[in-house]
Amino acid sequence: MSFAALGLQAAAVSGRPAAAWEWAEWRHVIERTRFGAVWQMRLAAAVLLLGLLLWRRRAAPHLRAEALAAWALAAFVLCVAAWSGHGAAVDPTEMALTAAAAHLLAAGVWAGALPWLAFGSARAAAAGTDALYRQWMADLLRRFSGLATLGVATVVASGVAMSYLLLGAPTEWPARADDWVAGASTVIEGFVAPLLSTRFGGWVLLKMALLLPVLWLAAAVRWRWVPALNNRDAAPWQGAHRSVRTEALVVAFLLWAAANAAGTIPAAHDVKVWPLPFRVSLAATWGQPGVALWLWLGVAGLVVALALGARDWTAVVMRRPAAPWRACAGAALALASACALIWALSVPAWPRTYLRSEVPYDAVSITRGIALYRRHCADCHGAAARGDGPLAARLAKPPTDLAEPHTALHTGGDIFHWLTDGKPDTPMPGFAHTTSAEDRWDIVNFLRLFSSGFQARILTPSVVPGRPWLGAPNFDFTDAQGRPGSLKDLRGQVVLLVFYTLPASQRRLLRLAKWQARLAERSVQVVAVPLPGSPTASTALPFIAPVDGAADAATAYLLLRRTLADAGKTIADESPHHMEFLIDRFGYARSRWLPSESPEWADAQFLLRQGELLREEPRLMPPPDDHVH
């Protein structure tokens, strides 16, 4: 089997079936791949184990040491396989490998024993079996039943942990600690969506489905048949044999599904194609009227259904008297509660809803998206994206007002789908034949930031402690000395991001230069970027002054210039002469200063206090992602 696996891997690596029989390809896999290194270790351990089993003597002084050595080698053969599987390709690697090793070891102990138990219980169930054998077999089943309970629990726990990582679900709480709605919705969607939208997820679902009858059969053996075993009556032995035999057969199918999952691209690295016309999203529906009430009613219904059905389903397993009406009522209530939850929390979805962008969410992409919007979208949606373009009046249904935060209710994949195939039930056409996929993702990135600009109107010069929410778009740059850098490289420091126009901002830049030492004491790094049409400031200023990349950065951040008093007439043509942002140490824009709106940051002490707040604030959320979702 080991050499067959090596041949299959050689054929998979080379892409040629004939490579499964070629020594040169085998040698290439053995010497140059992780699979080959792990294969060698497993083969060496298996040879040692075989030799130990063949050489093992029955003398009591040596039996325990030899048995421990055999168990250790067998466990190594099982667990080291995790290093050549999917667990080695996802983060966090340590957690994934630990879960995979525990999964393999527990499954090996549990599933590996089932065929032998089925064979032994068949002999015990036969008529005329001697009492001593039945007593020995009953004792073995009792001991294995406890071990199998621990093994199955380990298989389930490690399988859930491993699947969670391989499905690409969040590994950190994806919201503030006090924002359970956004965090729980992201975690649940991150786990469920890949299950339904990828081949790997399909195999995981099949494994889950096969595990349910296995648990049912194992429960029947553990709590119904084992307590009834005796030396005289063959009926309990026949029931135990049927259950163990069926369990072994279902586990064989489960292992087949597991083997197929192991040979499939993990969902974390695969393209997701959503199969349903809706998705369940707590974050997108939470603010709608009545949703909270439906949520709590649904949860209460599920709890009551569990209470109604648990005792009677247990009685069915144990073949004890039960009230079928309670079990049926519980099942009906559970189904109704689940349907109510899905109905209340569902929003429309499309095949590309969970498609992940390959285009970074940065200033270059956003700037390209602005130009593409003007070329393809402004005639209908308008220069300020308010749905009032020159063609809007001719359309049967008015275009969406993109200046408000509608895009917050949709994934990036939703918007990409509409840009590709058109938006259903509206006159909006698709642009698949006139734009590339990268172009459409650029428009998505622009719309994301433009929508964030609606919420950014509430930003003030004062930092609101504990409330990061606006991810600052990254931008790459080269300064006047030719040194490369990016905004992301400055994480770990508070960044005062200054957008200026000369000569109007000259006095402000000189004042910041004078405060530079005091800002540096508080780990505040100043980055000064010229606004469109402005010359670059003198290189003598003591802070970072981007040259290349500055135009894209300024164009992108101008989308965040809107205020409650000034909503803007176009997307980015109207430019203030000066604008500043404070970016916290983790990549979130936390405050904004427009000199025309307020004088606060003209006071050095006020500005330094804001920097001090951000320097002392711990991380409250994971850093913003480089791609939209």
Side-chain angles (χ1 to χ4, degrees), residues 277-279 281 283-289 347-350 352-353 355 357 359 361 365-435 439-459 469-470 473 555-576 628-629:
F278 65 89
R279 65 185 176 98
S281 175
T285 57
W286 183 247
Q288 298 178 11
V347 293
W350 290 268
R352 298 183 182 90
T353 284
L355 188 64
S357 170
V359 178
Y361 178 65
S365 175
I366 293 164
T367 302
R368 289 199 301 257
I370 292 174
L372 289 162
Y373 171 85
R374 287 172 175 156
R375 186 186 313 160
H376 298 287
C377 311
D379 285 345
C380 294
H381 288 280
R386 295 180 179 278
D388 57 357
L391 300 181
R394 307 177 191 176
L395 301 177
K397 187 174 182 178
T400 302
D401 181 355
L402 301 175
E404 296 187 1
H406 298 288
T407 55
L409 303 178
H410 306 291
T411 68
D414 285 341
I415 303 171
F416 182 84
H417 182 82
W418 300 333
L419 291 170
T420 302
D421 293 339
K423 190 173 182 181
D425 302 322
T426 73
M428 177 177 167
F431 298 95
H433 299 297
T434 56
T435 60
D439 289 342
R440 298 193 292 280
W441 281 119
D442 289 336
I443 297 175
V444 173
N445 286 338
F446 152 67
L447 291 174
R448 276 298 195 202
L449 185 59
F450 188 63
S451 179
S452 297
F454 181 88
Q455 297 166 284
R457 297 178 307 155
I458 65 173
L459 287 178
W469 60 272
L470 177 59
T555 301
Y557 276 83
L558 281 173
L559 296 175
L560 302 177
R561 79 197 187 286
R562 284 182 283 171
T563 66
L564 293 173
D566 180 13
K569 295 180 180 178
T570 61
I571 293 172
D573 289 338
E574 297 176 351
S575 173
V628 298
H629 294 279

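Note that the numbering runs from 1 along the sequence shown for the chain.
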Between Leu391 and Cys380, which heavy-atom pair has the shortest distance, and what is it?
CB-SG, 4.2 Å
May I ask you to decide if Thr353's main-chain N or O and Arg279's side chain share a donor-acceptor pair within less than 3.5 Å?
no
Looking at CH2 of Trp441 and OG1 of Thr420, how far apart are the two atoms once the value is rounded to the nearest 0.5 Å?
8.0 Å
Return the CG to CG distance between Leu372 and Asp442, rounded to the nearest 0.5 Å.
6.0 Å
Checking Arg352 now: which residues fulfil salt bridge (charged side-chain N to carboxylate O under 4.0 Å, His left out) with it, not counting sequence neighbours?
Asp421
Let me confirm one number: the OG1-CZ distance from Thr435 to Arg375, rounded to the nearest 0.5 Å.
9.5 Å
Minimum heavy-atom separation for Pro429 and Phe431, please, with both atom names.
O-CE1, 3.5 Å
I'd like to check the side-chain hydrogen bond (donor to acceptor under 3.5 Å, both in side chains) partners of Asp388; sequence neighbours left out, ordered by chain and number.
none
Who are the ring pair (Phe, Tyr, Trp, His ring centres under 6.0 Å) partners of Phe450, not counting sequence neighbours?
Phe446
Taking Tyr361's backbone N and O only, do any of them form a donor-acceptor pair with Ser365's side chain (distance below 3.5 Å, no angle check)?
no
Rounded at 0.5 Å granularity, tell me how far CG in Leu558 sits from CD1 in Ile366.
12.0 Å
Would Gln455 and Leu470 count as a side-chain contact (heavy atoms from CB on, under 4.5 Å) here? Give the steps.
CA-CA 9 Å; Gln455 297 166 284; Leu470 177 59; over 6 Å; no
With Arg457 as the cation and Phe454 as the aromatic partner, state whether NZ or CZ is under 6.0 Å from the six-membered ring centre and within 45° of the axis.
yes
Rounded to the nearest 0.5 Å, how far does NE2 of His410 lie from CZ of Arg448?
9.0 Å
Working to the nearest 0.5 angstrom, can you tell me the gap between Phe416 CZ and Asn445 CG?
11.0 Å
Looking at every non-hydrogen atom in both residues, tell me the closest pair between Gly453 and Arg562 and how far apart they are.
C-NH2, 3.4 Å
Any chance you could lay out the side-chain contact (heavy atoms from CB on, under 4.5 Å) test for Lys423 and Thr400, step after step, and finish with the verdict?
CA-CA 11 Å; Lys423 190 173 182 181; Thr400 302; 3.8 Å; yes
Please evaluate residues Ile443 and Leu447 with respect to the criterion side-chain contact (heavy atoms from CB on, under 4.5 Å), reporting the C-alpha separation (whole Å), side-chain torsions for both, the decisive distance (0.1 Å), and the verdict.
CA-CA 6 Å; Ile443 297 175; Leu447 291 174; 4.0 Å; yes
Quick one: are Trp418 and Pro424 in side-chain contact, heavy atoms under 4.5 Å?
yes
Tell me, with the steps shown, if Leu560 and Leu459 meet side-chain contact (heavy atoms from CB on, under 4.5 Å).
CA-CA 9 Å; Leu560 302 177; Leu459 287 178; over 6 Å; no
Taking side chain as C-beta onward, heavy atoms only, is Val444 less than 4.5 Å from Ser357?
no
I want to check something: taking the side chain as every heavy atom from C-beta on, are Pro427 and Lys397 in contact at a cut-off of under 4.5 Å?
yes
Taking the inter-plane angle between the rings of His381 and Tyr373 on a 0 to 90° scale, is it parallel (under 30°), tilted (30 to 60°) or perpendicular (over 60°)?
tilted
Can you find a pair of side-chain heavy atoms, one from Leu419 and one from Met428, that are under 4.5 Å apart?
yes
